[in-house]
Amino acid sequence: MTKTDDLQKLLDILPLDIKNVLEQHPQRDSLIEVVMDLGRRPEARFPDRAEYLAESGISHDQIRYSIQRVGHFGGDNRAGLAQTLHRISAIRNRAGDIIGLTCRVGRAVFGTIGMIHDLVETGQSILLLGRPGVGKTTALREIARVLADDLNKRVVIIDTSNEIAGDGDVPHPAIGRARRMQVSRPEFQHQVMIEAVENHMPEVIVIDEIGTELEALAARTIAERGVQLVGTAHGNQIENLIKNPTLSDLVGGIQSVTLGDDEARRRRTQKTVLERKAPPTFEIAVEMLERQRWTIHESVADTVDALLRGRIPNPQLRTVDADGKVTIVRQSPTPLRGVGKDGFGRGYEVGPRQEEESKLSPTMTVGGWRSTGRMIPLAAVPEPATREQEFERLLDESLARSDRFNSDLAVNAGPNGEDLPLHIYPYGVSRHQLEQAIQVLSLPVVLTKDIDSADAILALRSHVKNQSKLRHVAKARHVPIHTLKSNTIPQIIRTLRRLLDMDEPVVPDERELSLFIQNGSEDELDALEEARLAVEQIVIPKGQPVELLPRSAKVRKMQHELVEHYRLKSDSFGDEPNRRLRIYPA
């Protein structure tokens with residue numbers, strides 16, 4: 001890779017004392033940005049650290065000195081230097097005066113898209129995702145140059161902040177033969193996108209930072225006209241876009257669908273599910289994890305469908321070494337034993353806990369609980385060389401699973417001499433919660449709809465009192481009835497353990513705690529994690545009551561259930577919206 005940065009032009013706008021320090025700095029070539037805030041010491045930021053450049057704070061005169069040497073600040077408080085890629089961003093006070101500057105070094109890096117060169121050539125629309133500073137704009141600039149120069153396509157760049165092609169009327173050479181359209185104000189970006197298609201007959205439109213609903217709608221309109229799109233959006237992963245109602249249209253949009261009884265039974269889901277509304281605007285998505293490590297979703301439609309159905313997507317992981325060699329592996333779509341899932345089904349292998357934390361329950365992740373150690377992404381595995389090898393691997397895994405299943409059920413008998421698995425007929429008890437508890441805890445229990453084949457009946461106590469017919473049928477068929485007080489996870493788990501004659505654990509394990517999460521929202525996760533820590537670190541060991549933060553009624557109910565699981569008492573007090581939980585020691 002080769003870089004061009006015109007660094008000296010950026011240094012020339014800085015106050016002389018700061019400029020002199022940076023010109024002599026040994027890490028000058030890796031400088032990322034210079035920060036100058038009124039009354040505070042100037043700071044230089046490098047990839048691995050930051051350091052102060054002076055002992056005294058920045059003055060009004062120094063701020064004015066730099067402002068006079070840069071271009072015009074637009075509506076987004078950004079300015080640039082003509083014929084360079086540098087970006088100067090302003091911080092203003094309430095009166096509109098500039099009191100801080102962030103002077104970011106812009107570099108054109110040639111060869112940075114070697115990892116996805118084959119995808120660029122396909123003509124499909126590509127969406128780049130990643131945290132700030134990971135190199136999205138740099139990659140966007142290089143893609144535009146490759147499409148215009150190497151593939152001879154008509155490329156138009158919508159340059160809202162003049163960050164892609166630099167400040168001034170003449171674009172930076174880094175974009176090659178691509179044309180650039182400037183945007184007078186950020187809120188007009190969607191209009192310029194449509195104007196580019198209508199007036200300039202492009203084959204490719206390049207857009208940086210799609211962030212509003214109007215821009216997402218304009219992008220869909222452009223894609224439907226047969227123009228290739230290359231753009232970036234706010235978000236680190238596709239899941240971020242799915243959760244973002246403003247930008248979800250980029251990946252096809254999400255809608256709630258009510259299934260028929262047969263279809264819901266076939267899918268083994270509830271009747272109301274989420275599905276993709278339309279084809280995605282971008283066919284390919286690239287998650288830029290690091291500068292040299294990208295995750296590639298070759299089919300955004302398949303990835304979104306998998307995530308909405310709770311499956312783990314199967315993207316590529318591409319890396320490039322110092323010699324420019326690209327390595328492509330495919331992340332395993334099969335969750336490992338002991339692997340958690342986030343709210344959209346993406347798997348993570350649970351790392352080892354630290355020794356001092358071994359007595360604590362794991363912390364939560366969306367859709368499950370994770371160990372207090374670090375989260376390790378599923379190990380990437382090379383794609384199989386042949387169909388025969390893949391078949392052998394799947395066969396070995398299948399045999400291993402069947403052996404494990406047989407050994408798990410190789411128990412002599414149930415508490416009353418029944419053969420396992422135990423067949424249970426649920427009456428008035430949530431079948432969904434029962435199935436979830438049985439699956440998560442790996443219990444040798446099978447739910448049946450035929451009372452004649454049942455070993456036991458599991459029913460709500462209130463239902464049994466009012467159903468004399470159920471009692472007569474159970475008595476005639478010699479099927480015992482086991483009741484539970486309420487339709488909650490703690491009651492269900494406790495009753496199932498009693499049916500199987502299993503001992504109650506002193507501390508609930510990870511699998512049990514994962515059952516308390518419903519939608520996997522951040523609010524639910526934080527609330528349950530707060531309750532767990534309060535119980536395990538204060539209420540139980542110290543015998544002291546604890547008050548939790550205010551939560552919604554739905555989330556408080558989940559906290560009550562979690563506290564009940566520890567066999568502790570809790571109640572809600574206070575007025576909305578400050579109503580909260582108080583947990584009492586046993």
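Numbering starts at 1 and runs along the sequence shown. Predicted model only: the values in this text are computed from it and were never measured.
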Next item on the list: Apply side chain to side chain contact (heavy atoms under 4.5 Å, CB included) to Val155 and Ile143, showing your working.
Entry: CA-CA 10 Å; Val155 180; Ile143 290 173; over 6 Å; no

Note to self: Is there a side chain to side chain contact (heavy atoms under 4.5 Å, CB included) between Val197 and Ile205? Walk through the geometry before answering.
What the structure shows: CA-CA 8 Å; Val197 177; Ile205 291 284; 4.2 Å; yes

Notebook entry, point to check: Could you go step by step and tell me if Val230 and Ile207 meet the side chain to side chain contact (heavy atoms under 4.5 Å, CB included) rule?
Noted result: CA-CA 6 Å; Val230 182; Ile207 323 150; over 6 Å; no

Next item on the list: Decide side chain to side chain contact (heavy atoms under 4.5 Å, CB included) for Met288 and Leu128; before the verdict, give the C-alpha distance in whole Å, the side-chain angles of both, and the deciding distance to 0.1 Å.
Entry: CA-CA 7 Å; Met288 302 174 69; Leu128 305 179; 4.2 Å; yes

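Of the options Arg104, Arg141, Arg107, a side chain to side chain contact (heavy atoms under 4.5 Å, CB included) to Leu85 is made by Arg141 and by none of the others. Test Arg220, Lys277, Arg276 against Asp249 for salt bridge (charged side-chain N to carboxylate O under 4.0 Å, His left out) and you get one pass: Arg220.
Closest approach of Pro202 and Val227 over heavy atoms only: O-CG2, 3.9 Å. Residues Ile113 and Val146 share a closest heavy-atom pair of CD1-CG2, 3.7 Å. The shortest heavy-atom contact between Glu195 and His200 is O-CD2, 4.2 Å. A pairwise comparison of heavy atoms in Pro313 and Thr303 identifies CB-CG2, 4.0 Å as the closest pair. Of all heavy-atom pairs between Ala216 and Ile210, the closest is N-CG2, 3.9 Å. Scanning all heavy atoms of the two residues, the minimum distance from Ala178 to Ala144 falls at CB-O, 4.2 Å.
Here the side chains of Ile175 and Ile157 are in contact, with some heavy-atom distance below 4.5 Å. The shortest distance between side-chain heavy atoms of Gln228 and Leu147 falls below 4.5 Å. Contact check for Lys136 versus Glu209: no side-chain heavy atoms found under the 4.5 Å cut-off. Using a 4.5 Å heavy-atom cutoff, the side chains of Leu119 and Ile296 are in contact. In this structure the side chain of Asp159 never reaches within 4.5 angstrom of the side chain of Val183, judged on heavy atoms. Between Arg309 and Glu275, some side-chain heavy-atom pair lies under the 4.5 Å cut-off. When side chains are defined from C-beta on, Leu140 counts as touching Val206, because their heavy atoms get closer than 4.5 Å. In this structure the side chain of Gln124 never reaches within 4.5 angstrom of the side chain of Phe282, judged on heavy atoms.
Looking at Arg154, its side chain does come within 3.5 Å of a backbone N or O of Met201 through a donor-acceptor pair. In terms of modelled atom types and a separation under 3.5 Å, the side chain of Ser248 and the main chain of Ile242 share no donor-acceptor contact. Between the side chain of Glu283 and the backbone N or O of Ser299, no donor-acceptor pair lies under 3.5 Å. With hydrogens and angles ignored, the 3.5 Å screen pairs a side-chain donor or acceptor of Ser125 with a backbone N or O of Leu229. Put simply, the side chain of Asp323 never gets that close to the backbone of Lys325: no donor and acceptor are under 3.5 Å apart. Remark: the backbone N or O of Ala148 is paired with a side-chain donor or acceptor of Arg177 at under 3.5 angstrom. Between the side chain of Glu298 and the main chain of Pro315, no donor-acceptor pair closer than 3.5 Å is present. No donor-acceptor distance shorter than 3.5 angstrom exists from the side chain of Asp149 to the backbone of Gly176, with no hydrogens or angles considered. Lys153 contributes no side-chain N or O that, together with a main-chain N or O of Val204, makes up a donor-acceptor pair within less than 3.5 Å. A donor-acceptor distance shorter than 3.5 angstrom exists from the side chain of Asn240 to the backbone of Asn236, with no hydrogens or angles considered.
Within the model, atoms OG1 of Thr122 and NE2 of His117 stand 11.5 Å from one another, a figure rounded to the nearest 0.5 Å. With values rounded to the nearest 0.5 angstrom, Leu317 atom CG is found 9.5 Å from Thr327 atom OG1. Note that CD1 of Ile116 and CD of Gln316 are 11.5 Å apart. Values are rounded to the nearest 0.5 Å. Distance check: Ile194 CD1 to Glu198 CD gives 6.5 Å after rounding to the nearest 0.5 Å. Rounded to the nearest 0.5 Å, atoms OG (Ser552) and NZ (Lys557) are 12.0 Å apart. Atom CD of Glu287 and atom CG of Leu127 lie 9.5 Å apart (nearest 0.5 Å).
Atom CZ of Arg179 sits in a sparse spot, with 12 or fewer heavy atoms from other residues, nucleotides or ligands closer than 6.0 Å. For Glu435, the CD atom is densely surrounded, since the number of other residues' heavy atoms within 6.0 Å is greater than 12.
With no hydrogens or angles considered, no side-chain donor-acceptor pair links Thr448 and His423 at under 3.5 Å. Side-chain contact, Ser161 with Arg78: a donor N or O sits under 3.5 Å from an acceptor N or O. Side-chain contact check for His560 and Glu564: no donor-acceptor pair (N or O, by modelled atom type) lies under 3.5 Å.
Note on Asp118 versus Arg318: salt bridge recorded, some NZ/NE/NH1/NH2 to OD/OE distance being below 4.0 Å. Ion pairing of Lys243 with Glu239 is absent here, as no side-chain N (NZ or NE/NH1/NH2) approaches a carboxylate O to less than 4.0 Å.
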